[in-house]
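Input: a single structure, listed below in structure tokens.
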There are 2 protein chains.
Amino acid sequence: MPAVKKNKYHHGDLRQTLMDISVDIIEKQGIHALNLRSLASLAGVSSGAPYHHFADRAALLGAVAQEGFEKLQAALVREGASVVGNPSERLAALGSAYVLFAVSHRGHFRVMFRADIHNDAHEALTNSSDRAFQLLREAIEACQQAGTAPPGDPQPLVLCAWATVHGLATLCVDSHPAKLGMPPEQLAPMITGLTSQMFSALARTATSSKSPKPSS
Amino acid sequence: MPAVKKNKYHHGDLRQTLMDISVDIIEKQGIHALNLRSLASLAGVSSGAPYHHFADRAALLGAVAQEGFEKLQAALVREGASVVGNPSERLAALGSAYVLFAVSHRGHFRVMFRADIHNDAHEALTNSSDRAFQLLREAIEACQQAGTAPPGDPQPLVLCAWATVHGLATLCVDSHPAKLGMPPEQLAPMITGLTSQMFSALARTATSSKSPKPSS
DNA sequence: GCTCAAATCTAAGCATCGCTTAAATTTTGC
DNA sequence: GCAAAATTTAAGCGATGCTTAGATTTGAGC
């Protein structure tokens with residue numbers, strides 16, 4: 001029974017418990033519905049207890065965002081390791097994984113990209129997102145070497161792919177499902193597949209034309 | 001001097017004044033920094049006055065979002081009317097206008113796509129965004145007819161373009177400028193131009209191949 | 001020009017929420 | 001075991017969203 005210490009003055013792992021409940025509330029009711037008093041109540045502690053684990057509400061949300069970025073990176077690494085196809089398929093799979101992470105971790109995702117949460121201070125947080133960005137860059141550079149993405153500076157391609165995937169994720173997370181016309185599980189592979197197809201198509205026209213730069 | 005009625009019991013146009021100040025605060029300090037007391041103080045009225053123009057804080061933000069969507073649609077229509085080039089250039093110009101609207105109206109943009117603001121109720125709001133979506137669809141269908149976008153169901157292309165442009169806008173609005181490598185005024189045309197180029201490239205391969213569907 | 005209803009605003013206050021402080025309780029290192 | 005450190009409680013301060021009751025102004029109709 002005592003998988004978690006109960007009926008004790010000290011809570012088993014209050015810090016993680018608070019984060020878990022927060023994610024649940026944010027997923028179901030949005031960030032605005034999260035207040036520390038009811039959160040503490042749900043965790044079974046007094047309203048002052050959370051402040052010994054988080055400096056303030058923003059720090060709690062920052063920790064949730066941090067956890068989200070770590071989970072996202074893990075999901076992308078897992079997906080990248082499991083896809084054995086060509087670089088284009090790998091790129092599309094990575095993009096789909098990004099979108100599907102967002103819809104299956106709405107609570108985390110809603111916090112991760114809120115500028116008013118992690119303003120400046122959190123370096124560890126930006127580091128985590130940078131690593132995810134780096135994975136995308138590597139996947140695109142692999143496409144370039146395979147000839148399924150236009151050659152030249154990869155930065156425009158990376159930003160384009162990132163923007164597409166991130167925009168699609170935000171749309172899936174916050175829009176009414178009917179507006180998109182199909183469930184994210186179907187939509188994500190379609191759009192990311194389309195994008196990687198377009199990279200290939202542009203690579204073909206770029207190599208057969210005079211201008212090798214994707215920005216031309 | 002009395003361009004706006006002053007020193008009178010009734011404020012000239014308190015409703016619009018409150019919205020204008022709100023946009024300014026949100027742009028400079030974020031949504032979290034907006035509270036109705038200091039807002040009323042800045043407008044020179046008592047703290048209860050705003051509630052005669054907005055039911056609550058969410059209604060105020062909803063009105064700001066509504067105004068933002070109207071301005072966005074106007075900006076897109078203006079851009080669409082001024083571009084005389086081919087459909088591909090028009091599509092790219094529309095996309096750039098979307099991104100540049102976001103960065104030059106950060107206050108509005110930050111509110112427009114917050115699910116926790118306009119949850120359900122505001123029909124007029126979704127109507128405004130739907131019209132912007134419709135403009136994009138028409139631009140893409142024009143590309144299809146001109147042969148500079150792959151034929152078939154335009155919905156995947158529309159969603160892809162929307163996601164790209166919307167993702168890029170959110171990145172430009174909330175990310176540190178250094179992370180993007182160049183100012184939005186330069187970045188937006190580059191990415192939207194790249195996307196319309198890719199539509200063209202895919203159209204060429206699609207027409208010369210057996211599968212006409214962009215989703216294949 | 002007067003009257004009275006509607007619209008607008010003020011003043012005061014309630015309830016909630018973020019956060020702090022001081023003390024009580026439990027755990028942990030030695 | 002014991003003292004120090006960590007965790008929690010209880011109580012409360014200040015700020016903020018929102019409400020209520022009443023005062024002031026405006027404007028439409030006679």
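Side chains included, hydrogens not; waters and symmetry mates left out as well; all remaining heavy atoms used. Computed from a prediction, not measured in an experiment: that's the story for all the values here. In what follows, chains are A, B, ... by sequence order, proteins preceding strands, each numbered from 1.
Under the 3.5 Å distance criterion, with hydrogens and angles disregarded, a donor-acceptor pair is assigned to the side chains of S38(B) and N35(B). A side-chain N or O of T164(A) and one of T164(B) form a donor-acceptor pair less than 3.5 Å apart. In this model, no donor atom of one side chain and acceptor atom of the other lie less than 3.5 Å apart for Q73(A) and Q134(A). In the model, S88(A) has a side-chain atom that pairs as donor or acceptor with a side-chain atom of T148(A) under 3.5 Å.
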Margin query: For nucleotides 10-17 of chain D, give me one character per nucleotide, 5' to 3': B if any protein heavy atom sits under 4.0 Å from the base, S if the only such contacts are to the sugar-phosphate, - if neither.
Written below: --B---BB
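Between H53(B) and dC9(C), a side-chain N or O to OP1/OP2 separation shorter than 4.0 Å is present.
Atom C1' of nucleotide dA7(C) and atom CZ of F54(B) are separated by 16 Å, given to the nearest angstrom. To the nearest angstrom, C1' of dC9(C) lies 15 Å from CG of D13(B). Across the protein-nucleic acid pair, L14(A) atom CG and dT26(C) atom C1' stand 15 Å apart, rounded to whole Å. Note: CG (L18(A)) to P (dG18(C)) measures 13 Å, nearest angstrom. Separating the NE2 atom of H32(A) from the P atom of dC18(D) is a distance of 11 Å, rounded to the nearest angstrom. The NE2-P distance, from H52(A) to dC19(C), rounds to 14 Å in whole Å.
With ring centers used as reference points, H108(A) lies 6.0 Å or more from F101(A). Between H105(A) and F109(A), the distance separating the two ring centers is not shorter than 6.0 angstrom.
From one end of the helix from dG1(C)-dC30(D) to dC30(C)-dG1(D) to the other, with five pairs defining each end axis, the axis direction shifts by 20° (rounded to 10°).
Every side-chain contact (heavy atoms from CB on, under 4.5 Å) that V158(A) has, sequence neighbours left out, goes to F133(A), L136(A), R137(A), I140(A), P154(A).
Taking CG of L202(A) as the start and CD of Q197(B) as the end, the distance is 5.5 Å to the nearest 0.5 Å.
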